[in-house]
**Q** 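Take a look at the following structure, please.
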Amino acid sequence: MDFAYQYAWLIPLLPLAAALIIGTGLITFNESTNKLRSLWSVLSVSATGGAAVIAFNLLWSQIQGHAPYTYTFEWAQAGLFHLNMGFVIDHLTSLMLVIVTTVAFLVQIYTDGYMAHDPSYVRFYAYLSLFTSSMLGLVVSPNLVQIYIFWELVGMCSYLLIGFWFDRKGAADACQKAFVTNRVGDFGLLLGLLGLYWATGTFEFTEMGEKLTQLVESGGLSVGLATLFAILVFMGPAAKSAQFPLHVWLPDAMEGPTPISALIHAATMVAAGVFLIARMFPVFEEIPAVMNTIAWTGAFTAFLGASIAITQNDIKKGLAYSTVSQLGYMVMGMGVGAYGAGLFHLMTHAYFKAMMFLGSGSVIHGMEEVVGHDPDVAQDMRVMGGLRKYMPITAITFFIGTLAISGIPPFAGFWSKDEILASTFKANPVLWGIGFLTAGITAFYMFRMYFTTFEGDFRGTDKKLVALVKAENSVGKEVQADDGHGHHHASKPHESPITMTFPLMVLAIPSMLIGLVGTPLGNYFEYFIHAPSEKITEVPVEGFTPEFLLMGGSSVGIGLIGISLAILMYLQKKIDPSAIAKSIAPLYKLSKNKWYIDEIYEAVFVIGSRRLARQVLEVDAKIVDGVVNLAGFVTVVTGEGLKYFENGKAQFYALVIFIGVLGFVIVTSI
């Protein structure tokens, strides 16, 4: 296995090479490159597949007990300052490499079917490979500086991918929103890492944590300053992992093609924030105020995302708010010290949420044949229904994902979510209560989504309903032209091609089974992944204790309550959802309008910044420009006056000197 470690640098390099080759072809021989689309897709998929093979070898080696491997070289030096670059392979890195490469590999296979008719098919693969390379580079980084470099590359790629269909106003606005929102968090991250370097003199994670603890204990650094630096660093993960108040970019990012929703917003980019929290855990865990901030941020975000997802009709935005909520669970788990549980949920969620996002893309692909290529209609669940009859593979895999995220045993989501809730209950029962309530809401809105989409009668042929939905979704938007794929030409949906259904079937396997590596009968995941400060020498075996049965049973119980309500409202139609919405109109409107957070940001930041810019412009025009213009005017006037003194006559110069001397004598004599 030493061979795999020596060539681990190939993992990010292979997708990067594919991106460079495809990108160079597009720049130099655009027309010919676009004609050879199959060649470039095979290159991109093969490069990611090769990276996945090496990643699996490294994971297996780490499971077998191979010591962590670090390779670094000196990248920059200035006096006593030394900055190293390289890569590190440890338990956390090997796990993340497998998650990223497997999901990226399957997404790239899926892309061939989903983007088959898109004229920018080849460009999309170039962006996919570049993003995959950036994310893998981030994962293997041995210090904060290298992480920050790849962190920004990941952000750049997300901008390109979210705005891939830049001719759509919604996509153009969404990529800018994502970019600006993440810049806020990244600026905090930059300030935090510089502050920590100033205090500790290092960018290495473990060494930074040890030195910071020593400084605080010895009084060399105040607790308040250490807390400030750590919270500034946390702003970066809060933005990337869509935590309140920097969560607003993620739902709008659904404007990008669906494969991107699965890759970036389910398994990779948003997971980068949780990954960085794990890397910085040696720093965070020694500062209680920071851990509390992380925990409460995660808990509130989990509830916020779930409460908004209840009323979403766009299938992708419903999944997006679900992602916000589940990321909140992970962050809450990390905040209460459940390091292993948070990363366990990151892994299980990556697989079942990627499967559901790809499933939503399969649904949209089938719906577009009936209602046309208008996202306002093709993604709206109100015109779906009964799709299980036409799309059985998509329906079955989506149902598996729904059971997993709802926390129904033995599916993967139950084991990881239950472990977070159990750890949270020990740390703070109030936080557990928020997570417990959110679990019930999650089960309700996910089964609402499944029943509305796949059960009942197909509603896509109801022209009046389609027109009503289109009109409602188009309010306040510019009319979008068709994207060029053609108009609808079928009376019913159909199952997606094998290139799209194969990844769904593959992802269904870990969605069902991967949680079994972290059960009370043997928590192999926690044995493999645990906090750096913990020492676990054998596989934890707790068994089905009364405590586990109580905690697990209660979380399953509230999930079943949510599922039962969804059945009564959306399957059996015994409860009218619209009647309930009217009876709690203020709460319904709060959820439907996403807690009015976007409107608040629009009023405070967008309109406010424009108003400030206008005021600054006036100051610039009237004061700054006024001073500059006055200086110029004085210069011109004095120049015009002085030019008459430069006549070249010696007698005149002598007279001027005489007058000057005479004036000086008179002044000094007075």
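The first residue of the sequence shown is numbered 1, and numbering continues consecutively from there. The structure displayed is predicted, hence computed values, not measured ones.
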**Q** Is a side-chain N or O of S133 found less than 3.5 angstrom from the main chain of S129, in a donor-acceptor match?
**A**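 Absent.
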**Q** Side chains of V331 and I294: closer than 4.5 Å at any heavy-atom pair?
**A** yes
**Q** Which heavy atom of A272 sits nearest to which heavy atom of M135, and what is that distance?
**A** CB-CE, 3.8 Å
**Q** First locate atom CG of L193, then atom CD1 of I147, and finally report the distance between them rounded to the nearest 0.5 Å.
**A**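 Taking CG in L193 and CD1 in I147, the distance rounds to 10.0 Å.
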**Q** Applying side chain to side chain donor-acceptor pair (under 3.5 Å), name anything that partners T102, two or more places apart in sequence or on another chain.
**A**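 T102 satisfies side chain to side chain donor-acceptor pair (under 3.5 Å) with Y351 only.
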**Q** Nearest 0.5 Å please: distance from the CG atom of L507 over to the NZ atom of K353.
**A** 13.5 Å
**Q** Could you check whether K417 makes a cation-pi contact with Y329, meaning its NZ or CZ is under 6.0 Å from the centre of the six-membered ring and within 45° of the ring axis?
**A** yes
**Q** With the threshold set at 4.0 Å, does a side-chain nitrogen-carboxylate oxygen contact exist between D90 and R279?
**A**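 The answer is yes: the pair qualifies as a salt bridge.
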**Q** Looking at CE of M235 and OG1 of T293, how far apart are the two atoms once the value is rounded to the nearest 0.5 Å?
**A**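 Rounded to the nearest 0.5 Å, the CE-OG1 separation comes to 12.5 Å.
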**Q** Is it true that K177 and D598 make a salt bridge, defined as a side-chain N closer than 4.0 Å to a carboxylate O?
**A** yes
**Q** Can a donor-acceptor pair be found, under 3.5 Å and without considering hydrogens, that links the side chain of Q326 to the backbone of T323?
**A**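 Judged by distance alone, no pair lies under 3.5 Å.
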**Q** Donor-acceptor pair, S423 side chain versus I420 backbone, under 3.5 Å?
**A**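 No; judged by distance alone, with no hydrogens or angles, the pair does not exist.
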**Q** For G137 and Q146, which heavy atoms make the closest approach, and how far apart are they?
**A** O-NE2, 4.4 Å
**Q** With rounding to the nearest 0.5 Å, note down the distance linking OG1 in T348 to NE2 in H345.
**A** 5.5 Å
**Q** Quick one: are L225 and W198 in side-chain contact, heavy atoms under 4.5 Å?
**A** yes
**Q** Would you find more than 12 non-hydrogen atoms of other residues, nucleotides or ligands less than 6.0 Å from Y596 atom OH?
**A**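 Enclosed: over 12 neighbouring heavy atoms sit under 6.0 Å from OH of Y596.
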**Q** Any non-hydrogen side-chain atom of Y321 less than 4.5 Å from a side-chain atom of Y445?
**A**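 Contact flag for Y321/Y445 side chains = no.
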**Q** Determine whether a donor-acceptor pair (N or O, by modelled atom type, separation under 3.5 Å) exists between the side chain of S555 and the backbone of D418.
**A**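 Side chain of S555 to backbone of D418, a donor-acceptor pair under 3.5 Å: no, none is there.
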**Q** Would you say that M254 contacts I162 through its side chain, given a criterion of any heavy-atom pair below 4.5 Å between the two side chains?
**A** no
**Q** Is there a donor in the side chain of W151 and an acceptor in the side chain of D186, or the other way round, less than 3.5 Å apart?
**A**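 There is such a pair (donor and acceptor under 3.5 Å, judged by atom type) between the side chains of W151 and D186.
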**Q** Is F131 close to M269 at the side-chain level, that is, under 4.5 Å between some pair of heavy atoms?
**A**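 They are in side-chain contact.
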**Q** Going by atom type alone, with no hydrogens or angles, which donor-acceptor pairs under 3.5 Å involve a side-chain atom of residues 201-212 and a protein atom two or more places apart or on another chain?
**A**
| residue | atom | partner | partner atom | Å |
| --- | --- | --- | --- | --- |
| T202 | OG1 | E204 | N | 3.0 |
| E207 | OE2 | K211 | NZ | 3.2 |

**Q** How about W415 and N523: does a side-chain donor come under 3.5 Å of a side-chain acceptor?
**A** no
**Q** Are R183 and F179 in a cation-pi contact, defined as NZ or CZ under 6.0 Å from the six-membered ring centre and within 45° of the axis?
**A** yes
**Q** How are the rings of F87 and Y71 set relative to one another: parallel (under 30°), tilted (30 to 60°) or perpendicular (over 60°)?
**A** tilted
**Q** Compare every heavy atom of I287 with every heavy atom of A226, then report the nearest pair and how far apart it is.
**A**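 That closest heavy-atom pairing would be O-CD1, 3.8 Å.
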**Q** Which heavy atom of W249 sits nearest a heavy atom of K240, and at what distance?
**A**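 W249 and K240 have their closest heavy atoms at CZ2-O, 3.5 Å.
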**Q** Using the rule given for side chain to side chain contact (heavy atoms under 4.5 Å, CB included), can you reason through F150 versus S141, listing the C-alpha separation, both sets of side-chain angles and the distance that settles it, and then say yes or no?
**A** CA-CA 8 Å; F150 284 104; S141 297; 3.7 Å; yes
**Q** Partners of T424 by side chain to side chain donor-acceptor pair (under 3.5 Å), sequence neighbours excluded?
**A** none
**Q** Before you tell me yes or no, could you show the steps for F300 and W595 under ring-ring contact (aromatic ring centres under 6.0 Å, His included), namely the whole-Å CA-CA distance, both residues' side-chain angles and the distance that decides it to 0.1 Å?
**A** CA-CA 13 Å; F300 181 76; W595 288 41; 5.7 Å; yes
**Q** Before you tell me yes or no, could you show the steps for L346 and M96 under side chain to side chain contact (heavy atoms under 4.5 Å, CB included), namely the whole-Å CA-CA distance, both residues' side-chain angles and the distance that decides it to 0.1 Å?
**A** CA-CA 10 Å; L346 183 153; M96 289 296 298; 3.8 Å; yes
**Q** Would you confirm whether N143, through its side chain, and N84, through its main-chain N or O, come within 3.5 Å as a donor-acceptor pair?
**A** yes
**Q** Hey, could you give me the CZ/CE distance between F398 and M449, rounded to the nearest 0.5 Å?
**A**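 One gets 5.5 Å once the value is rounded to the nearest 0.5 Å.
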**Q** Mind checking what makes side chain to side chain donor-acceptor pair (under 3.5 Å) contact with Y110, not counting sequence neighbours?
**A** none
**Q** Tell me yes or no: between the side chains of Y125 and T111, is some donor less than 3.5 Å from an acceptor?
**A**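 Their side chains do not contain a donor-acceptor pair, so the 3.5 Å distance test is not met.
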**Q** Please name the pair of heavy atoms, one in T101 and one in L97, separated by the smallest distance, quoted to 0.1 Å.
**A**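 Between these two residues, the closest heavy atoms are OG1-O, 2.7 Å.
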**Q** So L59 and F528, do their side chains get closer than 4.5 Å, heavy atoms only?
**A** yes
**Q** Kindly determine whether I529 and F344 satisfy side chain to side chain contact (heavy atoms under 4.5 Å, CB included), including the steps that lead there.
**A** CA-CA 8 Å; I529 298 288; F344 190 22; over 6 Å; no
**Q** Say you draw a straight line from OG1 of T301 to CG of L327; how long is it, rounded to the nearest 0.5 Å?
**A** 9.0 Å
**Q** Excluding sequence neighbours, so at least two apart, what forms side chain to side chain donor-acceptor pair (under 3.5 Å) with Q108?
**A**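 With neighbours one apart ignored, the set is S44, T48.
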**Q** Indicate yes or no: at least one non-hydrogen side-chain atom of F281 is less than 4.5 angstrom from one of M291.
**A** yes
**Q** Looking at every non-hydrogen atom in both residues, tell me the closest pair between S322 and A309 and how far apart they are.
**A**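 Between these two residues, the closest heavy atoms are N-CB, 4.4 Å.
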**Q** Step by step, would you call S533 with E285 a side chain to side chain contact (heavy atoms under 4.5 Å, CB included)?
**A** CA-CA 9 Å; S533 59; E285 67 177 336; 3.2 Å; yes
**Q** Check whether any side-chain N or O of S325 sits under 3.5 Å from a backbone N or O of A302 as a donor-acceptor pair, and report yes or no.
**A**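 Pair found, side chain donor or acceptor close to backbone of A302.
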**Q** Under 3.5 Å, side-chain donor or acceptor atoms of residues 599-610 against the rest of the protein: list the pairs with distances, not counting sequence neighbours.
**A**
| residue | atom | partner | partner atom | Å |
| --- | --- | --- | --- | --- |
| Y601 | OH | P245 | O | 2.7 |
| S609 | OG | F605 | O | 2.5 |
| S609 | OG | V606 | O | 2.8 |

**Q** Quick check: do Y197 and V145 have side-chain heavy atoms less than 4.5 Å from each other?
**A**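 No, too far: nothing below the 4.5 Å cut-off.
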